[in-house]
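Values below: all heavy atoms of this structure, side chains included; hydrogens, waters and symmetry mates excluded. For the single chain, residues carry numbers from 1 onward in sequence order.
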Amino acid sequence: MRRPANLRPASAATVPFLSALAVTAVLLTACGTEHADAGSTGAEAAASQHGTRIDDPGKDGVRITSLTLPSASPSPTRSYSVSADSLGPNPDSEVSATYEVTNEGTEALTYSVVFTFMSGDGGAVTNQTETVRDVGPGQTVRGTVRAGELPPGAPRVAQVKVLGVTKVPAGEAPAEPGTCPASGIRISADQGDAAMGLRVVGLHLDNCGTRAYTVEGYPLLELLDGGLKPVDGVDILDGSGEISTGAGPDEPPRPVALQPGESAIASLVWRNTTESGTPVDVPHVRVRAEEGADPVIVTPHLDLGTTGKLGVRPWKKAER
């Protein structure tokens, strides 16, 4: 059975370096996935006292403002890096960068930003992801991302850049970890699995509320491009049998009763096969657990190739 891909329309100077003996400044936030600090004025705490400011043109509204390295003695430069030649062994647990997120749009957005900390030759040392929530139109939010503890033998961090930025309307962003929407239902997507061109991403539905919840059938999907506009030309299929049998046999939809604390899972299945034609990439998917449910936009980055097909497996109770 085929269903249309689009069930609903989509919503739409360098500053002199201050010598540092050892970086012990209190940073604005710890390394993690959640951060929003609209009240900070200029990333001052870690950056202006112990970091080297960076003249970064930015990417998709996100720019790095400074890089902090422990016990470094670099020369000021209008680049994205700081020399780390004088660093002692294994100093990188105190490496951090300050950043700004500016929303130049007309609605509040939630940003997911991937930062990559790199060695002097540009090789990636570690990536960190920050989620910056509810950035209003015209608002600038400042924060700090830490490189975290690095494994023994890792090269010294000397520079940092914004690797990728995704943004969705704040009202449709997945719920913050540890919180529960007013609906009592929390939807998220996992990192997925890829093997021999077969891709599988799990959609997770958690009953985080106080009442039982029953869901039946297939999640309702709308495929969206980077600008959150509908993606045409893709058939959304009930089940994955037309895609592959590698994800297991198709099962018919059944009612799934979830008590508080229980979860259900559905799967998106596709092949990254590219033949004649233009490959289709779908960064965002608007998901509704069922008809009438609140929408949530997840970002699984579906690389559909030229197949024009996406299989969807029905909700089933997740194993504990």
Side-chain angles (χ1 to χ4, degrees), residues 1-12 110 112 166-175 181 183 185-194 198-207 213-244 246-248 250-256 258 263-273 279-318:
M1 171 180 169
R2 295 177 180 267
R3 295 186 281 126
N6 300 311
L7 301 177
R8 287 179 170 82
S11 45
T110 289
S112 180
T166 59
K167 47 193 174 184
V168 301
E172 296 184 70
S183 65
I185 298 301
R186 183 172 54 227
I187 289 180
S188 60
D190 59 34
Q191 297 298 309
D193 183 33
L198 180 65
R199 310 282 202 258
V200 181
V201 166
L203 299 178
H204 300 265
L205 187 159
D206 304 321
N207 183 356
Y213 180 82
T214 299
V215 65
E216 182 178 3
Y218 300 87
L220 304 180
L221 308 180
E222 186 177 355
L223 308 184
L224 306 174
D225 64 17
L228 301 177
K229 303 299 182 184
V231 174
D232 298 321
V234 178
D235 288 334
I236 298 179
L237 311 174
D238 289 344
S240 59
E242 284 193 44
I243 308 296
S244 173
D250 283 336
E251 299 178 1
R254 297 183 177 90
V256 180
L258 301 176
S263 301
I265 186 171
S267 298
L268 309 181
V269 183
W270 73 99
R271 281 199 175 276
N272 177 28
T273 302
V280 175
D281 291 318
V282 179
H284 307 290
V285 179
R286 177 178 280 120
V287 181
R288 290 176 173 86
E290 58 184 351
E291 191 68 41
D294 293 337
V296 175
I297 296 179
V298 297
T299 310
H301 295 285
L302 309 179
D303 53 343
L304 300 176
T306 57
T307 63
K309 296 179 181 180
L310 175 66
V312 185
R313 310 194 74 183
W315 293 114
K316 65 177 184 178
K317 184 170 286 190

Review point. Between the main-chain N or O of I243 and the side-chain N or O of W270, is there a donor-acceptor pair closer than 3.5 Å?
Key: no
Check your understanding: If you look at every heavy atom in V201 and P300, which pair is closest and at what distance?
Key -> CG1-CB, 4.1 Å
Revision key, fill the gap. Closest non-hydrogen atoms of H284 and D225, given as atom of the first, atom of the second and distance, are CD2-O, 3.2 Å
Review point. Looking at A189 and L203, what are the two nearest heavy atoms and their distance?
Key: CB-CD2, 4.1 Å
Check your understanding: Under 3.5 Å, is there a donor-acceptor pair between the side chain of S183 and the main chain of I185?
Key -> yes
Study note, to complete from the structure: CZ (R288) and CG (L221) are apart, to the nearest 0.5 Å, by 10.5 Å
Practice item. Might you point out which heavy atoms bring P255 and T214 nearest each other, and give the distance in Å? Key: CB-CG2, 4.3 Å
Point to revise | From CG (L228) to CZ (R286), nearest 0.5 Å | key: 7.0 Å
Review point. Measuring from R186:CZ to N207:CG, what's the distance to the nearest 0.5 Å?
Key: 9.5 Å
Practice item. Pick out which of D206, L258, V256, L205 makes a side chain to side chain contact (heavy atoms under 4.5 Å, CB included) with S263. Key: D206
Practice item. Take E242 and K309 through the salt bridge (charged side-chain N to carboxylate O under 4.0 Å, His left out) test and state the conclusion after the steps. Key: CA-CA 9 Å; E242 284 193 44; K309 296 179 181 180; 3.5 Å; yes
Exercise for review: In sequence, state the C-alpha distance, the side-chain angles, and the governing distance for T299 and H301, and then conclude on side-chain contact (heavy atoms from CB on, under 4.5 Å).
Suggested key: CA-CA 6 Å; T299 310; H301 295 285; 3.3 Å; yes
**Study point:** Heavy atoms from other residues, nucleotides or ligands near NZ of K316 exceed 12 (cutoff 6.0 Å)
**Key:** no
Practice item. Check P174 against V298 and note the closest heavy-atom contact, atom names and distance. Key: CG-CG1, 4.4 Å
Point to revise | Whether D190 side chain and G202 backbone form a donor-acceptor pair below 3.5 Å | key: yes
Check your understanding: What are the two closest non-hydrogen atoms of A173 and V296, and how far apart are they?
Key -> C-CG1, 4.3 Å
Review point. For the atom pair CZ (R199) and CG (L268), what is the distance rounded to the nearest 0.5 Å?
Key: 13.5 Å
**Study point:** V231 and its side chain to side chain contact (heavy atoms under 4.5 Å, CB included) partner, picked from V285, L302, L224, L223
**Key:** L223
Exercise for review: Could you tell me the separation between the CD atom of E290 and the OH atom of Y218, rounded to the nearest 0.5 Å?
Suggested key: 15.5 Å
